[in-house]
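Just follow the structure's listing: the first ligand is 1, and inside any ligand the first atom is 1.
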Amino acid sequence: MNADHNPMHEKPSADQVNAQLAQPPEEPAATQGEASQYAAGIPAILKTFEFGLGQMGAVNSLKAFLKVNKKDGFDCQGCAWPSPDGTRHIAEFCENGAKAMASEATTRRVTPEFFKQWSIEQLAEQSDYWLNEQGRLTHPMIRRPGATHYEPIEWDEAFACLATELNRLASPDEATFYTSGKVTNEAAFLYQLFVRQFGTNNLPDCSNLCHESSGTALMESIGIGKGTATLHDFDLADLIVIIGQNPGTNHPRMMTALEHAKRHGAKMIAINPLPEVSLRRVKNPNPQEYSNPLAWASDLFGEGVALSDLLIQVRINGDLAILKGIMKEMLEEEDRRPGQVFDREFIRAHTAGFDDFIADLRRTSWDEIVEGSGVPLDQIRAAGQMAAGSKRMICCWAMGLTQHKNAVETIQQVINLLLLGGHIGKPGAGACCVRGHSNVQGDRTMGIWEQVPPEFLDALEREFHFSPPRRNGYAAVDTIRAMHAHEIKVFVGLGGNFLSASPDTTYTAEAMQRCRLTAQVSTKLNRGHLITGQQALILPCIGRSEKDRRPTGEQFVTVEDSMGVISSSRGMLEPASPHLLSEPAIVAGLAKATLGANSTVDWDALGADYNLIRDRIARVIPGFDNFNERIRKDIFYLPNAARDRTFVTRTGKANFVAAAITHHTMASGEFLMTTIRSHDQFNTTIYGLDDRYRGIYGGRHVIFLNPEDIKEAGLSVNQWVDITSHFEGEKRVACRFQVVPYQIPRRCAATYYPETNVLVPVRSVAERCNQPTSKSIRITLTPSR
Ligand SMILES: Nc1nc2c(c(=O)[nH]1)N[C@H]1C(S)=C(S)[C@@H](COP(=O)(O)OP(=O)(O)OC[C@H]3O[C@@H](n4cnc5c(=O)[nH]c(N)nc54)[C@H](O)[C@@H]3O)O[C@H]1N2
Ligand SMILES: Nc1nc2c(c(=O)[nH]1)N[C@H]1C(S)=C(S)[C@@H](COP(=O)(O)OP(=O)(O)OC[C@H]3O[C@@H](n4cnc5c(=O)[nH]c(N)nc54)[C@H](O)[C@@H]3O)O[C@H]1N2
Ligand SMILES: [Mo]
């Protein structure tokens, strides 16, 4: 692998689109206006219908809004936050779920005519927002070698083309098969089966860029790579800690759980460099309440519910330090009142490593904690006191913790905090690893993992009578580097936008362009379709809101939410085009074309009747017994041993893990930059140019800085700057970002993803899990010319 390669010095090959076009082009200047004073409420309701009607029209809006997240409907395409176990409301969705639905159910179309009109290079000059606005892909398309345009292709020919390229590889390991977390269980299971029968474990996924560090940390600490809290636990908790997560934008239905918890008297601590509005105040997060006129009145005149009792503006990546501080305060309180703060019985019976951990905590000085977190001592102590007093604590976290060099160790401090009070495996308490994509957790359960455990492979071997490859495959970052080094020659993406979601955009673009073939199963046009290998395929599929008709009848699919609950999903809109196939049908078609008579699997049968896929899942994956029968009756929970205080770890117990605080010494003029989502995007899909919760309107090329830092650096508000990132002597530049003064700690900066992914060095990854460090990027600023 080409470890020492400096991406700045690599020239893109001339016959292809310039890799610079991999970056979204400039957009108009943003204005800084009023930020929302609360999350949800009437503005969210109005936005919901504005997006819905604008994209889907009235009839489809109504149909979609009534069926989303219903037990007889479809699972929202947005985030992985669970729906209630029991009775569900008329409107079980949120503003941003509505945007995701509307974006899929849009009436606009990207047809073969469209691709005739626009060259690939012309399309690459458009913004991500524009690309998504063009609508749904309608036909399979191919870019032939040297072609400037995509042209239509028949499905059979498309499968044959991919099969030919795959079969002419010297080894199956020269191909890679990416998955994005929207892919449903049935499609994911079939896909990994195909990939392993083909002969490789190169199964990178969006988890590699998302919660990989959480999985690694949780496995080692509690023996399962998933959280333990359930939705019901939020009703019982007395303290909820939210670290590095912006629920009002990214998991708006979580606001309902938080509002209820607060009304029941729970306290809340938020730890975030930004004072996100959704951590401060919420008004009526439930759309269904607006069927009652009183709700409108209470919204207009009421204050809503105050959320955080303590909002701590930690320095970027100061979390490990502050978590240690909170636990040190608990320890000092335990010393004052022995046996009253720590759950000694739980610690004795269920944990290992306690003494070493406590010794490390005693050795860590308060000065080091304050210096490492950037948080005043009194605030840390106040948080520690709240934690010391809690009998039922839930800790929630997301990308603010996972995308750093020390992410695994930081997340293990969250688990330590829970273990001290015995907050794992009891009602009202637990670890809440808040997942992103709606089925990202399910995809892993289905075996989408480059380093899947041997028991899973053994079960596959028994069920399908073949020898799955045993060598670990490449995760996302290794895939990019292997493509760049010409080791991987064929890229297949099942959903997602690998190019724009990945770090080091220019380098990744070069890597994609070095492939012989890049093929993507997609619903909407994105930049990943425009920066291609010598040949490229767009394989358009139906979305989750659409009817899935197969030869044996209409099908449903299943997903797993963030809390390990399996539910079914059945679309009810007409597919966007008659030429679309479902994801399972595409995978089956591809598998049949590639593996031919060599396969032990009847791909036609599985692609035609998903009950047969579920029967196989039931026999391979623990917890899915009688899958078809059970899922027809109701949702069900997967087993989670940690919830029962069974910890399948090396020690047979839950492990305390001590870790040292990371100190970022910043040279003069340097900042640590984090990359965040605006309120109007879903990952690389841009729905609009506003971020109203933060008061940014009409543009995304902004950089949030502390007003004092702006002054000190001799910059002025709204000035355009170029951002340079620094990593082991390498430099990367992103041009023209507008300076926005914001309440962010000194020497910290924030920009939107994916515009600044070009600055994230491909080799800068979290220790032990290889996840890109998209939230700790060392940068300097220079005025734009
Ligand atoms: N509408 C919408 N919903 C989504 C998504 C979307 O893009 N749009 N994406 C989905 C996906 S895949 C995911 S993974 C989730 C992402 O959900 P989140 O994790 O909430 O998303 P981010 O905006 O990446 O960052 C979260 C928060 O981390 C904070 N943060 C940044 N750096 C640090 C740090 O060093 N320490 C701490 N403590 N906090 C920090 C930011 O200020 C921000 O508030 O949302 C899912 N849901
Ligand atoms: N700098 C920076 N980089 C990041 C992050 C960050 O916080 N900062 N976050 C990371 C995270 S958490 C994640 S999860 C990744 C996201 O990475 P991905 O999951 O790869 O990206 P998305 O933007 O969610 O993918 C959008 C595309 O998916 C396709 N799509 C939508 N619905 C469907 C469907 O039903 N089926 C199929 N087949 N395709 C569909 C559409 O064509 C759409 O253009 O990005 C990561 N990258
Ligand atoms: Mo994610």
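- Contacts with ligand 2 closer than 4.0 Å are made by heavy atoms of both the backbone and the side chain of Thr523.
- No donor-acceptor pair under 3.5 Å is formed between the side chain of Ser180 and the backbone N or O of Gly495.
- Under the side chain to side chain donor-acceptor pair (under 3.5 Å) criterion, Ser764 pairs with Thr773, not counting sequence neighbours.
- A centroid separation of less than 6.0 Å is found between the aromatic rings of Phe177 and Phe194.
- If you look at ligand 1, the protein residues with a non-hydrogen atom under 4.0 Å away are Cys79, Asn96, Cys210, Ile243, Gly244, Gln245, Asn246, Thr249, Asn250, His251, Ile271, Asn272, Pro273, Leu274, Glu276, Val314, Ile316, Asn317, Asp319, Ala398, Met399, Gly400, His404, Gly436, His437, Thr674, Ile676, Arg677, Gln681, Phe682, Asn683, Lys775.
- Within the cation-pi definition used here (under 6.0 Å to the ring centroid, within 45° of the axis), Arg700 qualifies as a partner of Tyr752.
- Residue Val521 has at least one nitrogen or oxygen atom sitting less than 3.5 Å from a nitrogen or oxygen atom of ligand 2, judged on distance alone.
- Taking the ring centroids of Phe556 and Tyr610, they lie at or beyond the 6.0 Å cut-off.
- If you number the atoms of ligand 2 from 1 as listed, the ones under 4.0 Å from a heavy atom of Tyr178 come out as 17 (O), 18 (P), 19 (O), 20 (O).
- To the nearest 0.5 Å, the span separating CG on Asp548 from CG on Leu580 amounts to 11.0 Å.
- Taking a cutoff of 4.0 Å between a charged side-chain nitrogen and a carboxylate oxygen, Arg544 and Glu104 do not qualify as a salt bridge.
- For Ser502, no nitrogen or oxygen atom sits less than 3.5 Å from a nitrogen or oxygen atom of ligand 2, counting backbone and side chain alike.
- By the 30° and 60° cut-offs, the orientation of the rings of Phe682 relative to His437 is tilted.
- Ring planes of His701 and Phe737: tilted class, angle from 30 to 60°.
- Residue Cys541 approaches ligand 2 through these ligand atoms, each under 4.0 Å from one of its heavy atoms: 36 (N), 37 (C), 38 (N).
- With hydrogens and angles left out, the side-chain atoms of Asp561 and Ser83 include no donor and acceptor closer than 3.5 Å.
- For ligand 2, the polar-atom distance check finds an N/O of Asn526 within less than 3.5 Å of one of the ligand's N/O atoms.
- For Arg544, no heavy-atom contact with ligand 2 is shorter than 4.0 Å.
- Shown in contact with Gly495 at under 4.0 Å from a heavy atom are these atoms of ligand 2, numbered in order with element: 37 (C), 38 (N), 39 (N).
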